[in-house]
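Reading through the structure tokens given below for one structure.
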There are 2 protein chains.
Amino acid sequence: MSERPLMVIPQPTLKRLVVYHQWLKQLQERGRDVVSCTVLARDFKLDATQIRKDLEIAGIAGTPRVGYRIDAVIASIESLLGWTNVNDAFLAGVGNLGAALLGYERFTRQGVNIIAAFDLDPAKIGTKIHGKPVFSLTKMAPLAQRMKIKIGILTVPAPAAQTVADLMIAGGIEAIWNFAPTALQVPEPIVVESVSLASSFAVLLNQLQHQRHKTT
Amino acid sequence: MSERPLMVIPQPTLKRLVVYHQWLKQLQERGRDVVSCTVLARDFKLDATQIRKDLEIAGIAGTPRVGYRIDAVIASIESLLGWTNVNDAFLAGVGNLGAALLGYERFTRQGVNIIAAFDLDPAKIGTKIHGKPVFSLTKMAPLAQRMKIKIGILTVPAPAAQTVADLMIAGGIEAIWNFAPTALQVPEPIVVESVSLASSFAVLLNQLQHQRHKTT
DNA sequence: TTTTAATAGCGATTTTTTTCTTTATTCATA
DNA sequence: TATGAATAAAGAAAAAAATCGCTATTAAAA
Ligand SMILES: NC(=O)c1ccc[n+]([C@@H]2O[C@H](COP(=O)([O-])OP(=O)(O)OC[C@H]3O[C@@H](n4cnc5c(N)ncnc54)[C@H](O)[C@@H]3O)[C@@H](O)[C@H]2O)c1
Ligand SMILES: NC(=O)c1ccc[n+]([C@@H]2O[C@H](COP(=O)([O-])OP(=O)(O)OC[C@H]3O[C@@H](n4cnc5c(N)ncnc54)[C@H](O)[C@@H]3O)[C@@H](O)[C@H]2O)c1
């Protein structure tokens, strides 16, 4: 498909590029056409040079005294992240969080399309949640294999996470987006990206404590 | 309360400590009593020295040839993160994600207790979701002020996020946990911690692409 | 009791990431 | 057409984070 040199993008840069993208989309809707690092730095409370380096790493050029064309930046980031072609994914565990992810339409514009969900609960199996069909967990591995699904989203309770991850891998899934607070043990080529909301909240609390110390 | 020197903990360390904590809880439930950095390093696919440094920063000591007492590590991390006293919080935007967060009981063991939620939707106002009362958004600021709530959780659609954040600040809220994909503009002392699931997924995709390059 | 192996501890080194400094480019204005 | 101001670009420096190498300590084995 799209031939990219596949250079290594620093992970902090990668994450920030996604955040810039979201914001630039909003600026665009408000009629903005170009944006400077100075402005972005103020909006995000970051260093302007850092943003410039990030865009440079993404291969984006600006013009002095003007800034960057927003549409060009958006297009570059989308291409860099591979959002131009969407990846099909399975989701396991249609609970509170799983259902929320199923209903989040923005994901399809961010490279992921959840095409089916799997659960153990008989009350959920056979239904559709946010338009996505829910199947029995036993169907997951065979279906993944048949449909060549490569991405699995794991939103089951922590004690079940390892078992369900093993099923995903058995079905040929290569990357697991893990929301369960556990350390998944997976063989070498499998990619795991874990989301830890608790970590994020810990950062919030920590900063709040520091802020209070400063002012008192 | 608990008098801590409030040293600066590197943010990567802080996040990892939370992850260690979750895992150690599980090891404890399985009857484990001590754990070594070597084992943790294998479980998390991290460098053993890094884990040792993290624990050192958290002020945790181990014994050679044995490792660390799991209960001591858990206690130290909880105390360090301030999970021993729970912080009350308000949540704005009881949609898919907001409702999922409302129903997540583990949060109370991680320093945050959502005591009420707020929304614009008349169908939701006056109801209880996962046992938490939902009030009209207009009540948020006055109630926050009266109840001295300092933490706000923002799960409204992106276009509404800035407005609702302003309301939170008007109510005396000092820290905002933001799930909306937007760049909140807040005055100096206000702390904002944004969660970007899209960034996390971008990391997953990126690693998957690299993994594929390696093997092919 | 001695030896061995596993592990924590600690300082040094390397790598990565961020920030600073300087230069070059472009647009607006006189 | 010059001048000034804002900005990107590029390289250097600094800061932060991760990793390495070595030493000390401890428990188990010999
Ligand atoms: N809800 C949140 O806000 C939140 C936040 C952070 C992390 N998480 C994590 O996300 C995961 C899901 O949380 P939740 O609140 O949605 O839980 P939940 O209890 O609402 O949902 C769990 C779902 O998984 C299903 N399930 C259980 N065992 C299964 C199995 N073996 N195979 C397939 N499905 C199975 C259940 O039937 C249920 O539908 C948990 O690991 C939780 O720790 C949740
Ligand atoms: N659902 C997800 O998986 C997911 C993932 C990542 C980020 N997010 C972000 O989280 C936020 C919420 O997502 P969601 O899927 O729950 O959306 P949703 O549409 O399901 O819920 C939004 C809720 O906010 C309420 N609301 C709207 N305007 C409001 C206002 N001004 N004041 C108070 N409440 C208001 C709505 O009535 C609704 O209940 C969005 O910003 C979304 O981008 C969601």
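Reminder, nothing fancy here: chain letters follow the sequence lines and each chain counts from 1. Every heavy atom of this structure was used, including side-chain atoms; hydrogens, water molecules and symmetry mates were not. All figures in this text were calculated on a predicted structure; none of them were measured in a lab.
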Going by atom type alone, with no hydrogens or angles, which donor-acceptor pairs under 3.5 Å involve a side-chain atom of residues 37-44 of chain A and a protein atom two or more places apart or on another chain?
residue	atom	partner	partner atom	Å
A:D43	OD2	A:W23	NE1	2.9

Any [X] side-chain heavy atom under 4.5 Å of [Y] side chain:
{"X": "B:L143", "Y": "B:I149", "result": "no"}
{"X": "B:R16", "Y": "B:L46", "result": "yes"}
{"X": "B:W83", "Y": "B:R109", "result": "no"}
{"X": "B:V164", "Y": "B:L137", "result": "yes"}
{"X": "A:E78", "Y": "A:Q110", "result": "no"}

Once side chain to side chain contact (heavy atoms under 4.5 Å, CB included) is applied, do any residues pair with [X], and if so which ones, sequence neighbours excluded?
{"X": "B:A161", "value": "B:L154, B:V156, B:A180, B:T182, B:L184"}
{"X": "A:A89", "value": "A:V112, A:I151, A:I153"}
{"X": "A:I57", "value": "A:I9, A:P10, A:T13"}

Hey, could you give me each pair passing side-chain hydrogen bond (donor to acceptor under 3.5 Å, both in side chains) that has a residue in residues 154-167 of chain B? Not counting sequence neighbours.
->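 Residue pairs passing side-chain hydrogen bond (donor to acceptor under 3.5 Å, both in side chains), neighbours aside: B:Q162-B:D166.
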
Taking heavy atoms of chain B and a 4.0 Å limit, find me the 5'-most and 3'-most nucleotide of DNA chain C within that range.
->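 In short, chain B contacts DNA chain C from C:dA5 to C:dG11.
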
Under 4.0 Å from any atom of DNA chain D, heavy atoms only: list the residues of residues 29-44 of chain A that qualify, in numerical order.
->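 Residues of residues 29-44 of chain A under 4.0 Å from DNA chain D: A:S36, A:C37, A:T38.
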
Where along residues 190-201 of chain A does a heavy atom come under 4.0 Å from DNA chain D, residue by residue in number order?
->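 Output list: empty, so none.
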
Contact string for nucleotides 11-20 of chain D, one letter per nucleotide 5' to 3', B = base within protein heavy-atom range under 4.0 Å, S = sugar-phosphate only, - = neither, reads B-----SSBB

What pairs of donor and acceptor atoms, side-chain ones from residues 195-203 of chain B against any protein atom, are under 3.5 angstrom apart with sequence neighbours left out?
residue	atom	partner	partner atom	Å
B:S196	OG	B:S199	N	3.1
B:S196	OG	B:S199	OG	2.8
B:S199	OG	A:K15	O	2.9
B:S200	OG	A:W177	NE1	2.9
B:S200	OG	A:E193	OE2	3.2

Who are the salt bridge (charged side-chain N to carboxylate O under 4.0 Å, His left out) partners of B:R32, not counting sequence neighbours?
->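 For B:R32, no residue satisfies salt bridge (charged side-chain N to carboxylate O under 4.0 Å, His left out) once neighbours in sequence are set aside.
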
Tabulate atom names and distances for all N/O pairs under 3.5 angstrom spanning the protein and nucleotides 26-30 of chain D.
residue	atom	partner	partner atom	Å
D:dA27	N3	B:R65	NH1	3.3

Please check if any side-chain donor atom of A:Y104 sits under 3.5 Å from a side-chain acceptor atom of B:N96, or the reverse.
->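 Absent: no donor and acceptor within the cut-off.
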
Ion pair A:R212/B:E174, N-O distance below 4.0 Å =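 Judged by the 4.0 Å cut-off on N to carboxylate O distance, A:R212 and B:E174 do form a salt bridge.
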
Could you walk me through whether A:L204 and B:I176 pass the side chain to side chain contact (heavy atoms under 4.5 Å, CB included) check?
-> CA-CA 8 Å; A:L204 180 88; B:I176 297 175; 5.8 Å; no

Have a look at A:A48 and say if it touches a base, only the backbone sugar-phosphate, or nothing, with a 4.0 Å heavy-atom cut-off.
->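 If one applies the 4.0 Å heavy-atom cut-off, A:A48 turns out to touch nothing in the nucleic acid.
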
